There are 2 protein chains.
Amino acid sequence: MRRTKEDAAKTREEVLAAAAEIFYENGVSGSSLEKIAQRAGVTRGAIYWHFKDKAEVLTALHSEIRLPQEAMVDYAIEHGHDDPLGLIEQGTIEVLQILVDDEHQQRVFAIMILGCEFTEHLSDAAQRIITANAEMFGKLQKLIEMADEQSSLAPLWTADSAARAIQCSMNGLLAEWLRSGKSFPLVDIGERLIRSLIRSMRDNEER
Amino acid sequence: MRRTKEDAAKTREEVLAAAAEIFYENGVSGSSLEKIAQRAGVTRGAIYWHFKDKAEVLTALHSEIRLPQEAMVDYAIEHGHDDPLGLIEQGTIEVLQILVDDEHQQRVFAIMILGCEFTEHLSDAAQRIITANAEMFGKLQKLIEMADEQSSLAPLWTADSAARAIQCSMNGLLAEWLRSGKSFPLVDIGERLIRSLIRSMRDNEER
DNA sequence: ATATTTACAATCATTCATGTATGTTTGTAT
DNA sequence: ATACAAACATACATGAATGATTGTAAATAT
C-alpha cells in the first residue's frame, strides 16, 4: 500500500494515463471508472479520491495538454517577428513533428477532437464512416491522377498527397464550422481555402 | 392510432428526425431511446419495432445521408473531364452551398464527424475545448494582422479568413490523421498543405 | 508515543437505460 | 364476418454504472 505524497502523485498520473488509453479505446461515454481503475491497477475508490467524477478526469487530461502552438504564437506576438506568416508556417511544421512522437498527446487530442464514440456496440457505424471516407479518398485520388496524366499537377504534389490534403481541409472546414456553432461563413472561407489549394496544385505556368 | 403503411413510414421518419436532434443535443451515448421516443411523440415500443437497437438508428441516419461529393466525383471519373482540378474546386463549393441550407444534414454530419459527446455532465470539458480554440484563433488572427500591416497579405485574404482557414486545415489534418489510424505521413502532408496556404496568403510579387 | 490525517479498498443502495415479453388496436385479406 | 398480421403501447426484468458510505493501514504531525 502506498502512502507518501510522491506515491499518491504517481497513482494519480497512472489513473490519468489509464484513462487516456481507455477513453481512446472505448470512447468517453463507453468507459466506466471501473475499467479505468482496473487498467491503472487500483480500485474506483482511488479515482474518486483524486477526482470528483468522470468529467473531472477528462478535464484533468485536457488541462494536462499544453498546445505547443500557443507558446509559439505568444512568442511571435510579443517579439513582433518580421515575417509572421513564415513563422506560422515553420511553427506548424515543428508542432506536427513533436506530436508524431508523443503517443499520449495523440490519444488526448483524439479524445478531444474526435470525441471517440467508437464503442463496441456502435462499431459498425464507425466502420461505415471509415470506409466511406476511404472510398471518397480513393475517388479523389483517381481524379487527381487524371490531372497528373494531363501534366497539370504541380511537382510539389503527388496524386496521393493532394487527395489527402483536400480531404483533410474539407473535413476540417466542416468540423470547425459545426463545432463553432456556424460562427463563420462556411462557403466564403471554404471557397478561398479550396481555391488556394487547387491553384498551388496546378502547374505554375499552365494557365 | 396509425396503421397504414404510409403512417408507419411517417413515424419511422419522425423517429429518425427526432434521433438526429437528440443525438446532436446530447451526444449518441448520452441519448436514451426514451428521450428520442418522447421527442418523436411515440413510445420506445415504436422505435424497437422499426429498429433493432440504438446502433441501427444511428446507421439508418448515416445511410440516409448521400454525400453529394460522391455523385460529383463519380460523374467526373466517368466523363473524363478535361479539367479535373477545376471540377473538384467547383464541386466542393457547390456542396458547401447545399449543406448550408440543410439543417438535418448538418446535424447528421455533426454526429458523424464530431461524435458529439457534449453531454450535460461533460459540458465544462466541451466548453474548455471551445474557448481554447477561440483563443488560438484570436492569436492567429493578431499574427496575421501584423503581416497585413506590413502589406504582405494577399488581397484575396483578410486576417479573419486567413486565420480561420489555417485553423480549419490544421484541425482537419490532425483529425483525419488520428481517425485513419495514422495511415499517412502527417508531417509530409501537413508541410505541403500549410506551405501552399501560406504562399497564397503572401502578396504575390512580395518575395 | 500518540493522534490525526492521508490514501486508498470494499461494500452498498440507487438510478437508469436496455431488452424483452405481452397486451391492444386497427388495417387487410378471404 | 372472421382471421390474421401489422403497428404500436405497456409492463417488467435485468444489468451496469454511479455515488456514497464505511473500513483501514500507513504516513505524518505533535
Side-chain angles (χ1 to χ4, degrees), chain A residues 1-19 21-23 25-61 116-125, chain B residues 1-19 21-61 111 116-125:
Chain A
M1 232 181 223
R2 300 191 180 119
R3 301 295 144 173
T4 65
K5 297 249 181 199
E6 307 96 52
D7 284 341
K10 189 181 175 187
T11 61
R12 195 192 124 101
E13 287 309 309
E14 283 171 353
V15 166
L16 283 180
E21 293 178 13
I22 299 289
F23 283 164
E25 294 169 8
N26 303 9
V28 176
S29 302
S31 304
S32 67
L33 294 181
E34 175 65 32
K35 279 185 188 173
I36 296 175
Q38 282 181 9
R39 178 72 60 96
V42 294
T43 64
R44 270 172 50 245
I47 299 181
Y48 275 102
W49 172 257
H50 287 284
F51 309 96
K52 184 193 166 196
D53 53 10
K54 203 207 293 192
E56 211 176 271
V57 176
L58 187 63
T59 57
L61 271 181
C116 270
E117 275 203 359
F118 297 95
T119 321
E120 327 104 57
H121 291 283
L122 308 177
S123 64
D124 49 341
Chain B
M1 234 182 223
R2 300 188 180 124
R3 302 293 144 176
T4 65
K5 298 251 181 196
E6 308 95 52
D7 284 341
K10 189 181 174 187
T11 61
R12 195 192 124 101
E13 287 309 309
E14 284 171 354
V15 166
L16 284 180
E21 293 177 14
I22 299 289
F23 284 162
Y24 182 73
E25 293 168 9
N26 303 7
V28 176
S29 303
S31 305
S32 67
L33 293 182
E34 175 64 30
K35 278 185 189 174
I36 296 175
Q38 282 182 9
R39 179 70 61 96
V42 294
T43 63
R44 269 171 53 241
I47 298 181
Y48 275 103
W49 172 257
H50 287 283
F51 309 96
K52 184 192 166 196
D53 53 10
K54 204 208 291 195
E56 211 177 271
V57 176
L58 187 62
T59 58
L61 270 181
I111 296 165
C116 269
E117 274 203 358
F118 296 95
T119 321
E120 328 103 56
H121 292 283
L122 308 177
S123 63
D124 50 342

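Everything numeric in this text was worked out from a predicted model, so none of it was measured. First the proteins, then the strands, lettered A, B, ... as listed; each starts at 1.
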Peer 1: Please confirm whether the shortest side-chain N or O distance from A:K54 to OP1 or OP2 of D:dT18 is below 4.0 Å.
Peer 2: yes

Peer 1: When you check the phosphate oxygens OP1 and OP2 of C:dT6, does a side-chain N or O of A:T4 lie under 4.0 Å from one of them?
Peer 2: no

Peer 1: Let me know the distance between CD1 of A:I47 and P of D:dT18, rounded to the nearest Å.
Peer 2: 9 Å

Peer 1: Without decimals, in angstroms, what is the distance between B:F23 CZ and C:dA17 P?
Peer 2: 13 Å

Peer 1: Closer to the 5' end of DNA chain C via nearest nucleotide, is it A:A9 or B:E6?
Peer 2: A:A9

Peer 1: For the pair A:S31 (side chain) and A:I22 (backbone), establish whether a donor and an acceptor sit closer than 3.5 Å, ignoring hydrogens and angles.
Peer 2: yes

Peer 1: State the NZ-CZ distance between A:K54 and A:F23, to the nearest 0.5 angstrom.
Peer 2: 6.0 Å

Peer 1: Closest-nucleotide mapping onto DNA chain D: is A:L33 or B:W49 further toward the 5' terminus? I mean the 5' end.
Peer 2: B:W49

Peer 1: Verify the contact: side-chain N or O of A:H50 to OP1 or OP2 of C:dA7, cut-off strictly under 4.0 Å; return yes or no.
Peer 2: no

Peer 1: Rounded off to whole Å, could you give me the CG-to-P distance for the A:N26 and D:dA17 pair?
Peer 2: 10 Å

Peer 1: May I have the distance from B:I36 (atom CD1) to C:dT18 (atom C1'), rounded to whole angstrom?
Peer 2: 13 Å

Peer 1: Need one value for B:S32: base, sugar-phosphate or nothing, where a base atom within 4.0 Å counts as base even if backbone is also close, heavy atoms only.
Peer 2: sugar-phosphate

Peer 1: Taking only side-chain N and O atoms of B:Y48, does any of them lie within less than 4.0 angstrom of OP1 or OP2 on C:dT20?
Peer 2: no

Peer 1: Nearest whole Å is fine: how far is D:dA16 P from A:Q38 CD?
Peer 2: 13 Å

Peer 1: Please give me the minimum heavy-atom distance between B:I47 and B:I36, naming the atom from each residue.
Peer 2: CD1-CG2, 3.9 Å

Peer 1: Which nucleotide sits closest to the side chain of A:R44: C:dA7, C:dA10, D:dG19?
Peer 2: D:dG19

Peer 1: Tell me: CZ of B:R12 to P of D:dA7, nearest whole Å?
Peer 2: 12 Å

Peer 1: Can a donor-acceptor pair be found, under 3.5 Å and without considering hydrogens, that links the side chain of B:D53 to the backbone of B:E56?
Peer 2: yes

Peer 1: Send over the distance from B:E13 CD to D:dA7 P, rounded to a whole Å.
Peer 2: 14 Å

Peer 1: Could you check whether A:K35 pairs with A:E21 (Lys NZ or Arg NE/NH1/NH2 to Asp/Glu carboxylate O, under 4.0 Å)?
Peer 2: no

Peer 1: Atom NZ of A:K35 and atom C1' of D:dG15: how far apart are they, to the nearest Å?
Peer 2: 14 Å

